[in-house]
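What you see is a predicted model, and the numbers here were worked out from it, not measured in a lab.
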Amino acid sequence: MTTTAPRLLQVRRSARITPRMIRVTLGGDELAGFPGDGPDRRIKMFFPVEGQDRPAVPRASTGGPVWPPGEPRPTIRTYTVRRFDPAAGELDVDFVLHEGHGPAAAWARAAEPGAWVGVSEPGGRWEPDPAARFHLVIGDESALPAVATVLEELAGFAGPVVAFLEVADAGEEQALPPNAEVVWVHRGDAAPGEPLVSAVRAATLPDGDGQAWLAGESGAVRDLRRHLLDDRRLDRRRVYATGYWRAR
């Protein structure tokens, strides 16, 4: 089986969309044919390390990726496609500026037009269940780009769509598709994930068999998944949970 080589793209522009989130718009000839449509499309991003103008990326081969000899490996992180516009040849990725700013967020903060980055083919397997009576979407700020794409996918759903979203404060709230009832949970000085878990536990959910999508801090996702399965009695096959990061 032949793997697909990452695409080398360049920054077109960037914008601060909240005090703690930056949106970087990428483009380039290698974006042609990118299969970026659909909800919750996750990509690996390859960031240049010190001394590099562009990151080293592997070439595809039948035996797996082959890295260029003598070059340092890039920093690799997983992100979600926020927007893909094939007509404009643009790909948007949102970066959260956590405390301490990891290498990916530091790159996004400093990236000027023309800066290079590598992007893998997207993955993702979530699909809405048409038989679900309601949809529950849960996440923190790291999941907001994916949350937005999930809510966009549910725009035609006739039943209730409820979202519980934890952010630092009111300044981190974003405009989202209007088809959902959105409950914003402000973390303040609490530990990441604790207010979100408490809010979902205390909530009255719609009746019937629902489908849940949840992502964010790993400990909170684990606790919420257990709550939805054990206490809310959701079907295990209808609970899609992913830990994005771990609080230290």
Side-chain angles (χ1 to χ4, degrees), residues 3-48 52-60 74-98 101-128 137 139 141-156 165 172-180 213 215 242 244:
T3 60
T4 303
R7 301 162 188 257
L8 280 170
L9 306 176
Q10 288 182 284
V11 174
R12 287 192 171 179
R13 60 186 178 275
S14 62
R16 188 71 67 95
I17 56 175
T18 73
R20 296 181 178 89
M21 187 170 283
I22 294 175
R23 177 166 296 160
V24 178
T25 300
L26 305 172
D29 293 341
E30 293 190 14
L31 197 56
F34 183 75
D37 291 328
D40 193 13
R41 302 291 278 162
R42 299 174 197 173
I43 53 175
K44 298 285 186 184
M45 299 190 72
F46 299 71
F47 300 97
Q52 287 181 323
D53 175 53
R54 63 180 74 186
V57 295
R59 64 176 174 83
T75 297
I76 304 174
R77 296 289 186 271
T78 302
Y79 279 87
T80 302
V81 173
R82 175 61 189 88
R83 178 187 71 102
F84 174 58
D85 184 340
E90 292 185 343
L91 172 68
D92 285 350
V93 183
D94 292 352
F95 296 80
V96 177
L97 301 180
H98 285 295
H101 308 317
W107 176 89
R109 177 193 284 271
E112 299 287 343
W116 291 92
V117 68
V119 173
S120 74
E121 296 289 280
R125 57 184 176 83
W126 180 85
E127 293 182 0
V137 180
E141 55 264 79
S142 71
L144 278 180
V147 165
T149 65
V150 168
L151 295 182
E152 288 166 358
E153 185 72 10
L154 292 172
L165 305 174
E172 294 303 306
E173 295 181 10
Q174 297 183 25
L176 292 170
N179 55 303
W213 181 100
T242 309
Y244 279 1

**Prompt:** Can you list the residues that meet the side chain to side chain donor-acceptor pair (under 3.5 Å) rule with Arg54, with sequence neighbours excluded?
**Reply:**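 With neighbours one apart ignored, the set is empty.
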**Prompt:** Under the side chain to side chain donor-acceptor pair (under 3.5 Å) test, which residues partner Glu30, sequence neighbours left out?
**Reply:**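 Testing Glu30 for side chain to side chain donor-acceptor pair (under 3.5 Å), a comparison that skips the adjacent residues, returns none.
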**Asked** Is there a donor-acceptor contact under 3.5 Å from the side chain of Asn179 to the main chain of Leu151?
**Response**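 Present.
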**Asked** Has the side chain of Arg41 got a donor or acceptor atom that lies under 3.5 Å from a matching backbone atom of Pro35?
**Response**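 Confirmed, Arg41 side chain pairs with Pro35 backbone.
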**Message:** So for atom CD, which belongs to Glu127, do other residues, nucleotides or ligands contribute more than 12 heavy atoms lying within a distance under 6.0 Å?
**Reply:**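 Count not over threshold, so no.
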Which heavy atom of [X] sits nearest a heavy atom of [Y], and at what distance?
| X | Y | answer |
| --- | --- | --- |
| Pro39 | Glu153 | CD-OE1, 3.6 Å |
| Pro48 | Pro55 | N-CB, 3.6 Å |
| Arg77 | Pro103 | NH2-CG, 3.5 Å |
| Pro58 | Pro6 | O-CD, 3.4 Å |
| Leu97 | Ala105 | CD2-CB, 3.8 Å |
| Arg109 | Ile22 | CA-CD1, 3.6 Å |

**Met21 CE to Leu144 CG distance, which is reported to the nearest 0.5 Å** =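 Spacing of CE (Met21) from CG (Leu144) equals 5.0 Å.
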Under the salt bridge (Lys or Arg N to Asp or Glu O under 4.0 Å) test, which residues partner [X], sequence neighbours left out?
| X | result |
| --- | --- |
| Asp85 | Arg83 |
| Arg16 | none |
| Arg20 | Asp169, Glu172 |

**Request:** List for me each residue that meets side chain to side chain contact (heavy atoms under 4.5 Å, CB included) alongside Ala108, sequence neighbours excluded, and say none if there are none.
**Result:**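 If we apply the side chain to side chain contact (heavy atoms under 4.5 Å, CB included) test to Ala108, skipping adjacent residues, the hits are Val24, Phe95.
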**Item:** Residues in side chain to side chain contact (heavy atoms under 4.5 Å, CB included) contact with Arg82, at least two apart in sequence or another chain
**Value:**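 Partners of Arg82 by the side chain to side chain contact (heavy atoms under 4.5 Å, CB included) criterion, ordered by chain and then number, come out as Arg23, Asp92, Asp94, Pro145, Ala148, Thr149, Glu152.
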**Request:** Pick out which of Leu9, Thr75, Leu26 makes a side-chain contact (heavy atoms from CB on, under 4.5 Å) with Met45.
**Result:**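 Answer after filtering Leu9, Thr75, Leu26: Leu26.
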Check: residues 115-126 side-chain donor-acceptor pairs under 3.5 Å, at least two apart:
unit_1, atom_1, unit_2, atom_2, d
Ser120, OG, Lys44, N, 2.8
Glu121, OE2, Arg7, NE, 2.8
Glu121, OE2, Arg7, NH2, 2.9

**Item:** Sequence neighbours excluded - ring pair (Phe, Tyr, Trp, His ring centres under 6.0 Å) pairs with any residue from residues 12-42
**Value:**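 Found Phe34-Phe84.
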**Asked** Is there a side-chain contact between Val93 and Ile43 (heavy atoms, below 4.5 Å)?
**Response**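 Yes, their side chains come closer than 4.5 Å.
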**Request:** Measure the shortest side-chain to side-chain distance between Leu91 and Val81 over non-hydrogen atoms and say whether it is less than 4.5 angstrom.
**Result:**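 In contact.
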**Request:** Could you tell me which residues satisfy ring pair (Phe, Tyr, Trp, His ring centres under 6.0 Å) with Phe47, sequence neighbours excluded, listed by chain and number?
**Result:**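 For Phe47 the ring pair (Phe, Tyr, Trp, His ring centres under 6.0 Å) partners, ignoring immediate neighbours, are Trp107.
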**Prompt:** What's the verdict on side-chain contact (heavy atoms from CB on, under 4.5 Å) for Phe46 and Leu8, showing C-alpha distance, side-chain angles and the deciding distance?
**Reply:** CA-CA 9 Å; Phe46 299 71; Leu8 280 170; over 6 Å; no
